[in-house]
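Structure record follows, encoded as structure tokens.
Predicted model only: the values in this text are computed from it and were never measured.
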Amino acid sequence: MSEPLRYNISDWHQLSGCQSNNSRDLRIFVSDFIQDSRLVGLRIQICHADFGILFSCILNARGSLVSKLGSQIAYELSTDTILSILSKYGFLITFNPKAHLPQDQLDYLKSVQAFGFDKIRVISVPSFENSIKISKSHIVAFNVDKNPKWIDNLYSPSYKEFRVSLETGSTIILSRISDTNKWSWGWLDYVASIDDILKDNMDGE
């Protein structure tokens, strides 16, 4: 009997390339919702050719469809829970978000750090279009000394606070820089220290 298929991933998007040990009719689909103010997040689905969707969840959900809950309330499945559900259907997967990033992405983060930014995160900012309140998500780099509240991943600044931070140079929107789109940022579901990212990758060499 051959050994079961096992995978070690660093980005949830890599799930789409994983195969089940239980059935070839089982597949994982991963989708990003990023353009609609009603829902922003990453969807993971397990689908069967005959039985349809067997499991679905959305990570880092934000938008008008999502209620804001207190910081003490767990409103999202943990990584261990998701991996346990995947294993139930024969997907044997370990998740290591600190796995190696490509060297050109690390070099890019070094250049961002050189400009005085020490943290990166995905941030959701409210704004108005045609008198309708919407929420836009951005990948940003920021200086934590000048934006101390942003270290809390659940904190979302007001539009005014965000604009002031941009104008004073203590924040930059990385997702507006074309180079940023060369790489995957699906692992960025927390407030990440650029220095820690660089050290973690260096330690693994």
Side-chain angles (χ1 to χ4, degrees), residues 6-18 30 32 34 40-42 44 57-62 70-84 86 93-125 136-157 161-162 164-166 168-205:
R6 297 179 182 275
Y7 303 89
N8 179 38
I9 65 172
S10 59
D11 183 332
W12 289 119
H13 293 86
Q14 294 171 326
L15 286 174
S16 58
C18 300
V30 182
D32 290 293
I34 57 176
V40 174
L42 182 144
I44 299 172
C57 70
I58 297 180
L59 302 182
N60 307 314
R62 297 181 296 278
S71 60
Q72 301 304 313
I73 300 176
Y75 61 91
E76 186 168 289
L77 296 179
S78 68
T79 296
D80 287 343
T81 298
I82 294 171
L83 295 179
S84 178
L86 293 175
I93 295 164
T94 55
F95 182 68
N96 178 15
K98 293 183 179 179
H100 280 297
L101 299 178
Q103 186 59 49
D104 55 351
Q105 189 172 11
L106 294 175
D107 291 339
Y108 173 74
L109 290 175
K110 287 178 184 178
S111 66
V112 171
Q113 186 184 48
F115 283 102
F117 303 109
D118 49 8
K119 307 288 184 185
I120 58 172
R121 62 169 290 185
V122 176
I123 205 162
S124 183
V125 182
K136 292 186 177 180
S137 294
H138 310 280
I139 299 172
V140 301
F142 66 96
N143 183 289
V144 72
D145 289 338
K146 297 179 181 178
N147 302 280
K149 294 180 180 179
W150 296 18
I151 199 72
D152 179 357
N153 201 35
L154 296 177
Y155 179 78
S156 295
E161 179 186 348
F162 187 63
V164 169
S165 185
L166 288 172
T168 57
S170 61
T171 303
I172 185 172
I173 302 177
L174 297 181
S175 47
R176 288 184 180 174
I177 301 173
S178 59
D179 281 354
T180 306
N181 300 321
K182 295 178 181 178
W183 306 288
S184 171
W185 300 90
W187 52 271
L188 188 59
D189 57 359
Y190 64 106
V191 179
S193 163
I194 296 177
D195 194 50
D196 286 347
I197 294 170
L198 297 176
K199 286 180 179 178
D200 288 339
N201 282 266
M202 186 181 300
D203 291 343
E205 293 179 353

Check: Can you find a pair of side-chain heavy atoms, one from Trp12 and one from Thr79, that are under 4.5 Å apart?
Finding: yes
By side chain to side chain contact (heavy atoms under 4.5 Å, CB included), Gln105 pairs with (sequence neighbours left out) Leu101, Pro102, Trp183, Trp185, Trp187
Correct closest heavy-atom pair for Val30 and Ser16 would be CG2-N, 4.2 Å
| Can you tell if the side chain of Phe162 reaches within under 4.5 Å of the side chain of Val140, non-hydrogen atoms only? | yes
| message | If you define the side chain from C-beta out and look only at heavy atoms, does anything of Gln113 sit under 4.5 Å from Asp118? | response | no
Tyr155 and Arg121 have their tightest heavy-atom pair at O-NH2, 3.0 Å
Residues passing the ring-ring contact (aromatic ring centres under 6.0 Å, His included) test with Phe117, sequence neighbours excluded, are none
Task: Lys/Arg N to Asp/Glu carboxylate O, Lys182 vs Asp179, below 4.0 Å - done: yes
| Ignoring hydrogens and geometry, is there a side-chain-to-backbone donor-acceptor pair from Asn143 to Gly116 under 3.5 Å? | yes
Is any side-chain heavy atom of Lys136 less than 4.5 Å from a side-chain heavy atom of Val40? no
Side chains of Leu106 and Leu198: does their closest heavy-atom pair fall under 4.5 Å? yes
Taken in chain and number order and not counting sequence neighbours, the residues that satisfy side chain to side chain contact (heavy atoms under 4.5 Å, CB included) with Thr81 are Leu77, Ser78, Ile85
* Quick one: does Phe95's side chain get under 4.5 Å of Gln14's, heavy atoms only? -> no
Smallest heavy-atom separation, Ser124 atom then Ser156 atom, equals O-CB, 3.3 Å
Heavy atoms of Ile123 and Pro157 approach each other most closely as CD1-CD, 3.4 Å
Interatomic distance, OG@Ser193 vs CD1@Ile120, rounded to 0.5 Å, equals 9.0 Å
Nearest heavy-atom contact between Val191 and Lys119 is CG1-CB, 4.2 Å
When Ile194, Thr180, Asp107 are each screened for side chain to side chain contact (heavy atoms under 4.5 Å, CB included) with Val112, the one that passes is Ile194
Tell me which donor-acceptor pairs under 3.5 Å the side chains of residues 168-176 have, and how far apart each pair is, sequence neighbours excluded?
from   : atom 1 : to     : atom 2 : distance (Å)
Thr168 : OG1    : Val164 : O      : 2.9
Thr168 : OG1    : Ser165 : O      : 3.2
Ser170 : OG     : Asn147 : ND2    : 3.2
Ser170 : OG     : Ser165 : O      : 3.3
Ser170 : OG     : Ser165 : OG     : 2.9
Thr171 : OG1    : Ser165 : OG     : 2.3
Ser175 : OG     : Ile139 : N      : 3.2

Contacts of Ser111 meeting side chain to side chain contact (heavy atoms under 4.5 Å, CB included) (sequence neighbours excluded), chain-then-number -> Tyr108
For Lys149, the salt bridge (Lys or Arg N to Asp or Glu O under 4.0 Å) test, sequence neighbours excluded, returns none
